[in-house]
Amino acid sequence: MNDTRNRDRTPRVREIEFEITAPAYPFVRASAELECRVELAEMIPRGNGCYAEFFTVAEAKPSRVADLADDHESADVRSLREHESGALLEFLVAEDCPAVELAELGALPRTVRGSDGDGRIVAEVPPRDDAGGITDAFLERVPEATFVAKRETDALTTPFSRTAFRQELRARLTDRQREVLEAAFEAGYYDWPRECSGEDVAAELGIASPTFSQHIHAAERKLLAMAFEDRADDEAN
């Protein structure tokens, strides 16, 4: 009975949703001009307001998406993985990005999608934060956005089987990459907001910060590529 009551008292995830049709943003512009779908797979903070955003692209040549994104001065783009119907692209951004603005306000972007010129962003707001205040601040920073909805929902669940995921992890990552990734996770490097910096984790491991960055970035890209391959297989079937 007590367990049931505790579950009932657990705050549900609050989501805020926005629409953006302004072509100033690469994920909207590319989807409009190339008639494709561009969707955020993962977003990882790099520190000092910089983020790595991993986008999947469907039904368009990744080089054309990258060319359009290169026109956006604050974005640095490169292709990580390609297949017959799309690709996985990494965007390094620090400003002039709606997802970054939400993240810096304390929300966690979960969906950033451009499809035929229609951009959608859904972000989670921690229970301790004011969803209305974040919404107002975001609309002030990104006037091209239109507020769509605020709602409560259950927490997201992972699509991976734990055993299968660990087996795949061992197969993909080097021992050093796995060690660095586990140390970063346990230290709170991936908490939101982040509890420690890359420099902190590097010091704990007794390695230089550039070495930490090299291993953690390589591990992250392998994990994203793995998830992207699963999605591509599902779409092919």
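Listed by chain and residue number, Arg29, Leu68 satisfy the side-chain contact (heavy atoms from CB on, under 4.5 Å) test with Glu33 (two or more places apart in sequence, or in another chain). With sequence neighbours left out, Phe91 forms a ring pair (Phe, Tyr, Trp, His ring centres under 6.0 Å) with Phe55. Shown here are the side-chain contact (heavy atoms from CB on, under 4.5 Å) partners of Val180, two or more places apart in sequence or in another chain: Leu205, Ile207, Phe212, His215, Ile216. In terms of the side-chain hydrogen bond (donor to acceptor under 3.5 Å, both in side chains) criterion, residue partners of Asp118 (sequence neighbours excluded) are, by chain and number, Arg120. Asp175 pairs by the side-chain hydrogen bond (donor to acceptor under 3.5 Å, both in side chains) definition with Arg178, not counting sequence neighbours. Checked against side-chain hydrogen bond (donor to acceptor under 3.5 Å, both in side chains), Arg64 has no partners two or more places apart in sequence or in another chain. Ser213 pairs by the side-chain contact (heavy atoms from CB on, under 4.5 Å) definition with His217, not counting sequence neighbours. Not counting sequence neighbours, Tyr51 has no partner by the ring pair (Phe, Tyr, Trp, His ring centres under 6.0 Å) test. By the side-chain hydrogen bond (donor to acceptor under 3.5 Å, both in side chains) test, Thr211 is found to be paired with no residue, residues two or more places apart in sequence or in another chain being considered. Ser63 is linked by a side-chain contact (heavy atoms from CB on, under 4.5 Å) to Lys61, counting only residues two or more places apart in sequence or in another chain.
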(request) Report the C-alpha separation of Glu19 and Ile121 in whole Å, then their side-chain angles, then the decisive distance to 0.1 Å, and conclude whether the side chain to side chain contact (heavy atoms under 4.5 Å, CB included) test is met. (result) CA-CA 6 Å; Glu19 178 182 27; Ile121 298 180; over 6 Å; no
(message) Walk me through whether Glu90 and Arg221 qualify under salt bridge (charged side-chain N to carboxylate O under 4.0 Å, His left out).
(response) CA-CA 9 Å; Glu90 179 185 22; Arg221 291 180 183 117; 3.0 Å; yes
(request) For Phe54 and Leu89, run side chain to side chain contact (heavy atoms under 4.5 Å, CB included): C-alpha distance rounded to whole Å, both residues' side-chain angles, the deciding distance at 0.1 Å, then the answer. (result) CA-CA 6 Å; Phe54 298 87; Leu89 302 180; over 6 Å; no
(message) I'd like to know whether Asp76 forms a side chain to side chain contact (heavy atoms under 4.5 Å, CB included) with Val93, so could you lay out the CA-CA distance, the side-chain angles of the two residues, the decisive distance to 0.1 Å, and finally the verdict.
(response) CA-CA 7 Å; Asp76 182 18; Val93 295; over 6 Å; no
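The cluster map of Ile, Leu, Val, Met, Phe, Trp and Tyr, joined by side-chain heavy atoms under 4.5 Å apart, puts Val57 and Val77 in the same cluster. When hydrophobic clusters are built by joining Ile, Leu, Val, Met, Phe, Trp and Tyr residues whose side-chain heavy atoms come closer than 4.5 Å, directly or via intermediates, Val148 is not grouped with Val142. When hydrophobic clusters are built by joining Ile, Leu, Val, Met, Phe, Trp and Tyr residues whose side-chain heavy atoms come closer than 4.5 Å, directly or via intermediates, Leu139 is grouped together with Leu108. Val122 and Val28 sit in two unconnected hydrophobic clusters of ILVMFWY residues. Membership requires side-chain heavy atoms under 4.5 Å apart, directly or through other members.
For the pair Cys36 and Glu59, the tightest heavy-atom approach, listed with the atom from each and the gap, is CB-O, 3.7 Å. Residues Met43 and Ala103 approach most closely at CE-CB, 3.8 Å, considering heavy atoms. Listed here is the closest heavy atom pair of Ile20 and Pro98: CD1-CG, 3.7 Å. Taking all atoms of both residues into account, the shortest heavy-atom contact from Ala219 to Leu173 is CA-CD2, 3.9 Å. Closest heavy-atom contact between Ala184 and Tyr190: CB-CE1, 4.1 Å. Heavy atoms only, all atoms of each residue included: Ala99 and Pro109 are closest at O-CG, 3.5 Å.
A salt bridge does not link Glu15 with Arg110: every distance from a Lys NZ or Arg NE/NH1/NH2 to an Asp or Glu carboxylate oxygen is 4.0 Å or more. A salt bridge does not link Lys222 with Glu220: every distance from a Lys NZ or Arg NE/NH1/NH2 to an Asp or Glu carboxylate oxygen is 4.0 Å or more. Comment: Glu152 does not engage Arg14 in a salt bridge, judged by the lack of any side-chain N to carboxylate O separation of less than 4.0 angstrom.
One finds the CD atom of Glu199 at 4.5 Å from the OG atom of Ser209 (value rounded to the nearest 0.5 Å). Atoms CZ and CZ, from Arg113 and Phe27 in turn, are 10.5 Å apart once rounded to the nearest 0.5 Å. How far CZ of Arg81 is from OG1 of Thr56: 14.0 Å, rounded to the nearest 0.5 Å. Taking CD of Glu42 as the start and CG of Leu88 as the end, the distance is 11.0 Å to the nearest 0.5 Å. Here the CG-OG1 distance, from Asp116 to Thr21, works out to 13.0 Å after rounding to the nearest 0.5 Å. For the atom pair CG of Asp129 and CD of Glu124, the computed distance is 12.5 Å after rounding to the nearest 0.5 Å.
Among residue pairs with one or both ends in residues 113-143, those qualifying as ring pair (Phe, Tyr, Trp, His ring centres under 6.0 Å) are Phe18-Phe138; sequence neighbours excluded. Screening residues 130-145 for salt bridge (charged side-chain N to carboxylate O under 4.0 Å, His left out), with sequence neighbours left out, gives Glu101-Arg141.
Arg151 has its side chain within reach of Glu17: a pair of non-hydrogen atoms, C-beta onward, lies under 4.5 Å apart. Counting heavy atoms from C-beta outward, Lys150 and Thr135 have side chains that stay 4.5 Å or more apart.
The number of heavy-atom neighbours closer than 6.0 Å to CZ of Phe185, taken from other residues, nucleotides and ligands shown, is 12 or below.
Counting only distance, with no hydrogens or angles, the side chain of Ser31 and the backbone of Gly117 share a donor-acceptor pair below 3.5 Å.
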